[in-house]
Amino acid sequence: MIKAVKGTRDILPPASGQWAFVETRVRDIFGRYRYAEIRTPVFEESELFRRGVGEETDIVSKEMYTFSDRDGSSITLRPENTASVMRAYIEHRLDQLPGIQKLYYMGPMFRRERPQKGRYRQFHQIGAEVIGSERPEVDGEVITMVFDLLQATGVKDFQILLNSVGCSECRPAFLAKLRDALNSVKSHLCQDCQRRSDANPLRVLDCKVPADQHLINLLPSILDSHCQRCREHFDVVKGMLSDLAIPFIIYPRLVRGLDYYMRTTFEFTQSALGSQNSILGGGRYDGLAAQLGSRVPAPGIGFSIGQDRLMMALEEEFGNRPSVLDVFIAPLGASATRLCSTLAHTLRGGGASVEVGFDAKLKRALELAHKLNARYTLIVGDDEVRSGQYLLKEMSTGSQELVSRQHLLSKLSIATEHGI
RNA sequence: GUGCCCAUAGCUCAGCCGGUAGAGCGCUGGAUUGUGGUUCCAGAUGUCACGGGUUCGAUCCCCGUUGGGCACCCCA
């Protein structure tokens, strides 16, 4: 039997309906913030990610799906979408458009990692980018928007971690201070941290080994190394969130894995997700455009939500909500079946969701209607065909009455909004 | 990529100390004519993940492969 390849999966009903529900909410809420959708290709020239994401990152150094095209060019399945969006921004001169660009996307990304809960080789991200402004107010608005989205979809018990990783002016000084401090304590840290101290000192801050924590807490904080511009920027972001009563935790140890981040970085975590507890991450990347060869400055900030993880966090929320079926039509016999096709079409035209049964046995039809969670079953047999009065049965109560074709729709009192 | 654990019906799982498999749920059919949910009866379904090895004989023991889970690395 051929199966889905390692780390990929099928999203089947009813889960697919839940995914679509979330996507509808995304479009609604992002739309209110005047974001517009951008759809970039699923694969790009490999060079884009090498330059955009960073040669030294794990993503680029060991997780990319890269292959040679027939003309010899190197192609990579996108491991994330920010670089692509920025590429499109530069390529199509979106900087020439009035105002700042606010773009959102959703779709599959690909990384060749070992799969585990909340981590897939094909996974799905919902993200947004604002390009063309370095104002801190934009950062605040972006965070506010994701907060709104999580609230609207019903995610519970999440935390917002906020940090500022400085800029090209103040970060080198911080790194020097950190290296110094690490040199004196690293022999007391865990194996991994000893290695990180040299390879990637920032990562030490991310260590979760309990025994290391008290020493790590004594290490220099990036917050103390901020230059004046970074400090002012961060203050505005924090102030905005406070004004909006959005709870956040200043987490100076938050380091993000992609090279392009500077100043504001953030992450939303949710405890129910297990080890992969990060549901979304984002930050500012004012230098990315230049790295990609843009001649005009294009400061930006963005985030991406792990949709697979978001869905996991919402599992309880969705529970076993039944799918919506307003009417199951049960035709008994050939003439009734023929009539029911037009009847179904009329009801669907009026907004009802309708399924027509094909089993001539009423018992079978009712069984199926029940299993499909139909609100009503419409019984159409020879008697009904003759009289033009159809037997409408309400499944929850079992009560039934004869209704004429004209009155069917109003009798059904179709709910205007079909949730899921 | 590394370590540990796991793989039996569509799903959740049982299967002693090696003798080629079972339950619950679900599914299909029936309990006389056009009435579902509860009930009763009957039935189907398994290359016991795959490939080797040991053995008279392997779902069970051993090795490998594939897939999954957990943790690490890292990240969404």
Side-chain angles (χ1 to χ4, degrees), chain A residues 1-9 12 53 56-63 78-82 106-127 146 190-193 195-196 199-200 202-203 206-209 254-258 261 266-270 273-283 302-313 328 330-333 336 357 359-385 390-400:
Chain A
M1 181 174 45
I2 298 175
K3 296 191 293 186
V5 312
K6 187 190 184 93
T8 71
R9 59 188 183 142
L12 305 170
V53 180
E56 299 311 311
T57 61
D58 280 24
I59 292 178
V60 171
S61 65
K62 55 186 200 194
E63 296 173 1
R78 63 183 184 191
E80 57 103 58
N81 208 27
T82 300
M106 34 205 204
M109 309 292 158
F110 307 85
R111 293 183 200 171
R112 200 180 185 293
E113 296 182 272
R114 180 113 165 222
Q116 69 185 74
K117 195 185 198 71
R119 166 181 293 169
Y120 306 96
R121 289 184 171 181
Q122 173 174 335
F123 61 104
H124 301 81
Q125 288 190 331
I126 297 167
V146 243
C190 69
Q191 289 283 313
D192 279 334
C193 282
R195 186 176 45 75
R196 292 182 189 121
N200 192 349
L202 283 176
R203 283 256 152 262
D206 220 14
C207 175
K208 284 143 201 148
V209 177
L254 176 68
V255 286
R256 314 235 67 252
L258 284 60
Y261 286 117
F266 55 93
E267 185 168 316
F268 286 34
T269 61
Q270 214 259 1
L273 299 182
S275 164
Q276 311 306 320
N277 68 346
S278 167
I279 199 167
L280 83 255
F303 63 86
S304 67
I305 302 168
Q307 190 173 4
D308 307 80
R309 293 181 188 176
L310 176 62
M311 299 315 297
M312 219 186 300
F328 185 93
L332 309 175
D359 200 315
K361 286 183 176 171
L362 181 55
K363 178 185 165 61
R364 292 261 156 271
L366 280 166
E367 260 173 28
L368 187 56
H370 178 251
K371 283 172 189 166
L372 298 182
N373 230 305
R375 289 168 57 211
Y376 294 94
T377 298
L378 190 69
I379 299 166
V380 185
D382 291 343
D383 298 346
E384 286 80 4
V385 173
Y390 310 121
L391 193 56
L392 184 68
K393 179 178 178 106
E394 187 177 358
M395 296 303 280
S396 59
T397 60
S399 65
Q400 49 193 38

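Computed from a prediction, not measured in an experiment: that's the story for all the values here. Throughout, a chain's letter reflects where its sequence line sits, starting with A, and its residues are numbered from 1.
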Handout entry: Heavy-atom side-chain contact between Met312(A) and Ile279(A) under 4.5 Å
Key = no

Problem - Student check: side-chain heavy atoms of His124(A) and Met311(A) closer than 4.5 Å - result: no

Problem - Residue pair Leu332(A) / Ala360(A): nearest heavy atoms and the distance that separates them - result: CD2-O, 3.2 Å

Completion exercise
Rounded to the nearest 0.5 Å, the OG atom of Ser304(A) sits from the CD1 atom of Ile126(A) at a distance of 10.0 Å

Fill in the blank from the handout: Stems in RNA chain B, runs of 3 or more consecutive Watson-Crick or G-U wobble pairs with both distances under 3.5 Å, sorted by first number, are B:1-7 with B:66-72, B:10-13 with B:22-25, B:27-31 with B:39-43, B:49-53 with B:61-65

Handout entry: Pairwise C1' distance, G36(B) and U47(B) [rounded to whole Å]
Key = 39 Å

Problem - Length of the CZ-P vector between Arg309(A) and A76(B), whole Å - result: 8 Å

Practice task
Select base, sugar-phosphate, or nothing to describe what Gly127(A) touches, counting heavy atoms under 4.0 Å on all strands.
Solution key: nothing

Practice task
Measure distances between side-chain N and O atoms of Glu267(A) and base N and O atoms of A76(B), and say whether any donor-acceptor pair falls under 3.5 Å.
Solution key: no

Problem - Spacing of Ser396(A) atom OG and Arg375(A) atom CZ [to the nearest 0.5 Å] - result: 9.0 Å

Handout entry: A23(B) and G15(B), which share atom name P, separated by this distance in whole Å
Key = 15 Å

Completion exercise
Among C70(B), C74(B), A76(B), the one nearest any side-chain atom of Lys117(A) is C70(B)

Practice task
Would you check if Asp308(A) and Arg9(A) make a side-chain contact, meaning some heavy-atom pair closer than 4.5 Å?
Solution key: yes

Practice task
Using the P atom on both, measure G46(B) against U39(B) and round to a whole Å.
Solution key: 28 Å

Problem - Flag side-chain contact, heavy atom, 4.5 Å: Val380(A) against Val385(A) - result: yes

Handout entry: C1' atoms of A9(B) and G64(B), separation to the nearest Å
Key = 27 Å

Exercise for the section: Would you mind building the protein contact string for nucleotides 27-39 of chain B? One character per nucleotide, 5' to 3', B for base within reach (heavy atoms under 4.0 Å), S for sugar-phosphate only, - for untouched. Expected result: SSSS---BBBB--

What does the list of N/O pairs under 3.5 Å between the protein and nucleotides 64-68 of chain B look like, with a distance for each?
from: G67(B); atom 1: OP2; to: Lys6(A); atom 2: NZ; distance (Å): 3.2
from: G68(B); atom 1: OP1; to: Gly7(A); atom 2: N; distance (Å): 2.9

Problem - Atom-to-atom span, OH of Tyr120(A) to C1' of G69(B) - whole angstrom - result: 11 Å

Problem - P spacing across the pair G1(B) / G26(B), given as an integer number of angstrom - result: 42 Å

Fill in the blank from the handout: When rounded to whole Å, the CG to P distance for the pair Asn277(A) and C70(B) reads 13 Å

Handout entry: Qualifying residues under side chain to side chain contact (heavy atoms under 4.5 Å, CB included), relative to Ser278(A), sequence neighbours excluded
Key = Glu267(A), Arg309(A)

Problem - Toward the 5' end of RNA chain B, by each residue's nearest nucleotide, Leu280(A) or Arg112(A) - result: Arg112(A)

Handout entry: Pairwise P distance for U8(B) and C40(B), with rounding to whole Å
Key = 30 Å

Exercise for the section: Indicate, yes or no, whether a donor-acceptor pair under 3.5 Å links the base of C74(B) to the side chain of Arg119(A). Expected result: yes

Completion exercise
Interatomic distance, CD1@Ile59(A) vs CZ@Arg112(A), rounded to 0.5 Å, equals 15.5 Å

Handout entry: Pro79(A) and Met109(A), any side-chain heavy atoms less than 4.5 Å apart
Key = no

Problem - Touch class at under 4.0 angstrom, heavy-atom based, for Glu113(A) against every strand present - result: base

Problem - Separation of the P atoms in U2(B) and U12(B), to the nearest angstrom - result: 28 Å

Handout entry: Heavy-atom side-chain contact between Arg111(A) and Glu80(A) under 4.5 Å
Key = yes

Problem - Heavy-atom side-chain contact between Asp359(A) and Glu367(A) under 4.5 Å - result: no

Handout entry: Under 4.0 angstrom between Gln116(A) side-chain N/O and A71(B) OP1 or OP2
Key = yes

Fill in the blank from the handout: Rounded to the nearest 0.5 Å, the CE atom of Met106(A) sits from the CD atom of Gln307(A) at a distance of 7.0 Å

Fill in the blank from the handout: side chain to side chain contact (heavy atoms under 4.5 Å, CB included) filter on Leu368(A), not counting sequence neighbours, yields Phe328(A), Leu372(A)

Exercise for the section: Take atom CG of Asp58(A) and atom C1' of A76(B), then tell me their distance rounded to the nearest Å. Expected result: 14 Å

Problem - Sidechain-backbone polar pair: Arg121(A) side chain, Arg114(A) backbone, donor-acceptor under 3.5 Å - result: no

Exercise for the section: Quote, to the nearest angstrom, the P distance that separates G37(B) from C25(B). Expected result: 15 Å

What protein N or O atoms touch nucleotides 44-46 of chain B N or O atoms at under 3.5 angstrom, if any, and at what distances?
none

